[in-house]
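Sequence lines set the chain letters: A, B, ... in the order given, protein chains first and strands last, and positions in each chain run from 1.
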Number of protein chains: 2
Amino acid sequence: MPNSIRGASTYHHGDLRAALIDAAVALIAEHGVQGLSLRECARRAGVSHAAPYRHFAEKNDLLLAIAQQGFGWLAEAGRAAMTGVTGARERLEAYGVAYVRFAVTHPVHHRVMFSEALGGAHTQKGDEPSFQLLVEAASQAVGPDDPPLLAAVSAWSLPHGLAMLILDGRIPPELVRTPDDAERLAREVFAMWRSGLR
Amino acid sequence: MPNSIRGASTYHHGDLRAALIDAAVALIAEHGVQGLSLRECARRAGVSHAAPYRHFAEKNDLLLAIAQQGFGWLAEAGRAAMTGVTGARERLEAYGVAYVRFAVTHPVHHRVMFSEALGGAHTQKGDEPSFQLLVEAASQAVGPDDPPLLAAVSAWSLPHGLAMLILDGRIPPELVRTPDDAERLAREVFAMWRSGLR
DNA sequence: CGGGAATGTTGTCGCTGTCAACACAAAGGA
DNA sequence: TCCTTTGTGTTGACAGCGACAACATTCCCG
């Protein structure tokens, strides 16, 4: 029972872990990953400066939790985008478009998921579901003898690069005002690689 | 006359600005952008903790200097890779391959160039030479009526995404042990988009 | 009802970015 | 030659941070 609901201030917060994650996401949205501070998160959660250490051994663990949340959402979005799509290449493209939309919809999560602070963390191993999804789709898009990994890397690089460029503000903002804009741009980029830039 | 050359310790360093940049690059290579510390840079340059402020108004300005150095090198590498290549699409691909090689050869610079800490900085405007180069090449690769910006974005996204994935360690390391490996991988990814993943 | 086990607090440490005040050195005009 | 100006490096200070230890409170389960 969080304080904010109860009104009265209880010694125990109730769901401090989730509150800290939310505060961290908000803080990163305001001041970037570099501007994240455990003490400020604690302040916003109405809790003392050392309380976060009961839930996260160190600052990076908080970032890791955000990343895990993001990878879960991404796998979900990718799965949803691919259901009903039958052609292998169409599935890859659907995943890519959903990838870009996810990045634009959850910019903080996407940035944290691929921030270097998580260097040696769990996402390095290929067992991330969102990545597995991609490799599966890729393996069906190439011949049985071709290395599926190469196809997966190829199919991942394009939406990943586009998403990064958008988040970094390198794409003219009028092209990506809304998630729908970003999705349309992603489709156009895919189309360009399918036809024009051959 | 730097202290290290003179042997004797002189009050004035001689080229502290460059020394600080080099120290910062080394530090980031060891501990990531988050692990960069002006005081540690000063220590490694054999100088007091506040000396860097005579050359950089704040920490971000040091990162900005690294980024500018990187953008210069990138434009240089891109120009070199495209000279002698005549076909418009071949030029775009040559730029992309050089882009990936640059990122692998100067990982710290590439990471800083696209780190969020530089948010509102100069690289946002499209007047970066390395970006101009890309737009020019793209405008020749599409029909005269097609928007060159879209082609540029498309041609940028793929190598940018691949470079990011490599730097983040998301590509199996045996594929990218050396810059030559990375360059080969980049060519294969381009080839895959040209033929297979249509 | 009682005693761990969680969870939150207070206090502390060293480190950092940044500023202000001061010290030294090089350059150039009198 | 001297002496002032300007650039550069130093010392000292302050607040904020991550992290730890010691302590307080509450929850839960036997």
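- In this structure, the OH atom of Y53(A) is 22 Å from the P atom of dA24(D), given to the nearest Å.
- Between the side chains of Y95(B) and W156(B), no donor-acceptor pair is found at a separation under 3.5 Å.
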Assess the residue pair H110(A) and Y99(A) against the criterion (side chain to side chain contact (heavy atoms under 4.5 Å, CB included)); give the C-alpha distance rounded to whole Å, side-chain angles, the decisive distance to 0.1 Å, and a yes or no.
CA-CA 10 Å; H110(A) 184 88; Y99(A) 191 96; 3.6 Å; yes
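- By the 4.0 Å N-to-carboxylate-O rule, R184(A) lies too far from E188(A) to be salt-bridged with it.
- Between the P atom of dA19(D) and the NE2 atom of H49(A) lies a distance of 12 Å, rounded to the nearest Å.
- When the nucleotides dT10(D), dA13(D), dT9(C) are ranked by their closest atom to the side chain of R39(B), dA13(D) comes out on top.
- With dT9(C), dT10(D), dG17(C) as the candidates, the nucleotide lying closest to the side chain of S48(B) is dT10(D).
- Here the C1' atom of nucleotide dG18(D) and the CG atom of D61(A) are 13 Å apart, to the nearest Å.
- The interatomic distance linking L38(B) (CG) with dC19(C) (C1') rounds to 13 Å, in whole Å.
- Between dG16(D) and S37(A), no contact under 4.0 Å exists linking OP1 or OP2 to a side-chain N or O.
- Distance from the side chain of V47(A) is smallest for dG8(C) among the nucleotides dG18(D), dT18(C), dG8(C).
- Rounded to whole Å, the distance from NE2 on H55(B) to P on dG17(C) is 16 Å.
- Salt bridge E136(B)/R79(B): absent, no basic N to carboxylate O contact under 4.0 Å.
- Under the 30°/60° scheme for interplanar angles, the aromatic rings of F102(B) and H106(B) are found to be tilted.
- Residue contacts shown for L36(B) are limited to sugar-phosphate atoms, with no base heavy atom under 4.0 Å away.
- Projected onto DNA chain C by closest heavy-atom contact, R54(B) and N60(B) fall at different nucleotides, the more 5' of which corresponds to N60(B).
- Between the CZ atom of F56(A) and the P atom of dC17(D) there is a distance of 18 Å, rounded to whole Å.
- Among the protein residues, E40(B) comes within range of no part of the nucleic acid, since none of its heavy atoms lies under 4.0 Å from any strand.
- Place R43(A) and A50(B) on DNA chain D by their nearest nucleotides, and A50(B) ends up nearer the 5' end.
- Atom CZ in R17(B) sits roughly 16 Å away from atom P in dG7(D) (whole-Å rounding).
- Atom CD in Q34(B) sits roughly 14 Å away from atom C1' in dT16(C) (whole-Å rounding).
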